[in-house]
Structures are given as C-alpha cells and as structure tokens.
Amino acid sequence: MPHHKSAEKRMRTNERDRQKNIMVKSAVRSTLRKLREGAAGEKAQENLREAHSVLDNAARKGVLHKRTADRRKSRAAKLVQRSRKQETA
C-alpha cells in the first residue's frame, strides 16, 4: 500500500486509465472482428471506415501507437480489397 498521498492518487489514476484503455482496446478488437467477418459483404466499406475511425481514436488517446494503428488500418484495407476481388472473380 502507498505511504504517500501522491502515491495513493497515482494508484487511483492508474486504475482509471487502465479501465479506459481496456474499453478502447475492446472496441478496437470488436470492430476489427466485425470487419473480418463481413469483409465480403455489402457493408464492408462502412465497416472499414468505422475500423479506421476506431483505430485513429485509439492512437490519438495513446492506447495504441500511431504506427500500430496505421499498420492495422492497412491490413484491414487489404483484407477488404482482396475479398472484393474474390467476389468479382
């Protein structure tokens, strides 16, 4: 247990921030899962736009590194493109 008042506050803020990070990461995972499941569907573009938005938000909040978010966005876009090509072929 903390011996100083500031250490107590750090414990509280760390826990609060941890909970927020868990919520944001969960939203990222859910959105990407939804995109993967419906990559070939008619809502693929809409899901991709939502995934990009959620990833950008996570990067802005500092939950994910900017390059990590960019990499995931790129892979998601490739997935949608590949599934679209398979659909037409």
Side-chain angles (χ1 to χ4, degrees):
M1 291 308 298
H3 293 285
H4 297 279
K5 202 171 186 179
S6 61
E8 260 182 57
K9 183 175 180 181
R10 282 310 306 163
M11 277 184 60
R12 287 195 308 270
T13 57
N14 286 341
E15 181 61 22
R16 184 193 66 213
D17 293 346
R18 189 178 76 83
Q19 292 298 327
K20 284 182 183 178
N21 290 344
I22 288 171
M23 286 180 7
V24 172
K25 284 181 184 180
S26 174
V28 166
R29 282 193 299 266
S30 298
T31 307
L32 292 176
R33 188 178 309 118
K34 189 167 96 176
L35 176 70
R36 279 192 305 271
E37 289 170 357
E42 65 274 351
K43 287 192 172 187
Q45 279 301 118
E46 186 179 317
N47 289 344
L48 181 63
R49 197 172 332 113
E50 183 183 349
H52 281 202
S53 175
V54 170
L55 285 165
D56 285 337
N57 256 331
R60 184 177 52 78
K61 291 177 180 180
V63 177
L64 294 178
H65 192 277
K66 184 181 183 334
R67 289 193 193 115
T68 302
D70 288 343
R71 183 177 63 246
R72 290 184 184 181
K73 285 166 42 178
S74 175
R75 288 177 183 172
K78 280 183 185 178
L79 174 74
V80 171
Q81 284 293 354
R82 267 185 275 139
S83 63
R84 191 180 288 164
K85 282 183 183 177
Q86 287 177 354
E87 217 174 66
T88 58

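The first residue in the sequence is number 1, and the count goes up from there. All values reported here derive from a predicted model rather than from experimental measurement.
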Which pairs would a plain distance check flag for residues 30-44, meaning a side-chain donor or acceptor within less than 3.5 Å of a matching protein atom at least two apart in sequence or in another chain?
unit_1	atom_1	unit_2	atom_2	d
Ser30	OG	Ser26	O	2.9
Thr31	OG1	Ala27	O	2.7
Lys34	NZ	Glu50	OE1	3.2

Residues 57-68, side-chain donor-acceptor partners within the protein, below 3.5 Å, at least two apart:
unit_1	atom_1	unit_2	atom_2	d
Asn57	OD1	Arg60	NH2	2.6
His65	ND1	Arg67	N	3.1
Lys66	NZ	Asp70	OD2	3.2

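Under the side-chain hydrogen bond (donor to acceptor under 3.5 Å, both in side chains) criterion, Arg18 pairs with Glu15, sequence neighbours left out. Taking Lys5 as the reference, nothing meets the side chain to side chain contact (heavy atoms under 4.5 Å, CB included) condition, with sequence neighbours excluded. With sequence neighbours excluded, no residue satisfies side chain to side chain contact (heavy atoms under 4.5 Å, CB included) with Asp17. The salt bridge (charged side-chain N to carboxylate O under 4.0 Å, His left out) test applied to Arg16 returns no partner, not counting sequence neighbours. The salt bridge (charged side-chain N to carboxylate O under 4.0 Å, His left out) test applied to Glu8 returns no partner, not counting sequence neighbours. Applying the side chain to side chain contact (heavy atoms under 4.5 Å, CB included) test to Gln45 and every residue at least two apart in sequence or in another chain returns Leu48, Val80, Arg84. Every residue was checked against the side chain to side chain contact (heavy atoms under 4.5 Å, CB included) condition with His3, not counting sequence neighbours, and none meets it. Evaluation of the salt bridge (charged side-chain N to carboxylate O under 4.0 Å, His left out) rule for Lys25 yields no partner, not counting sequence neighbours.
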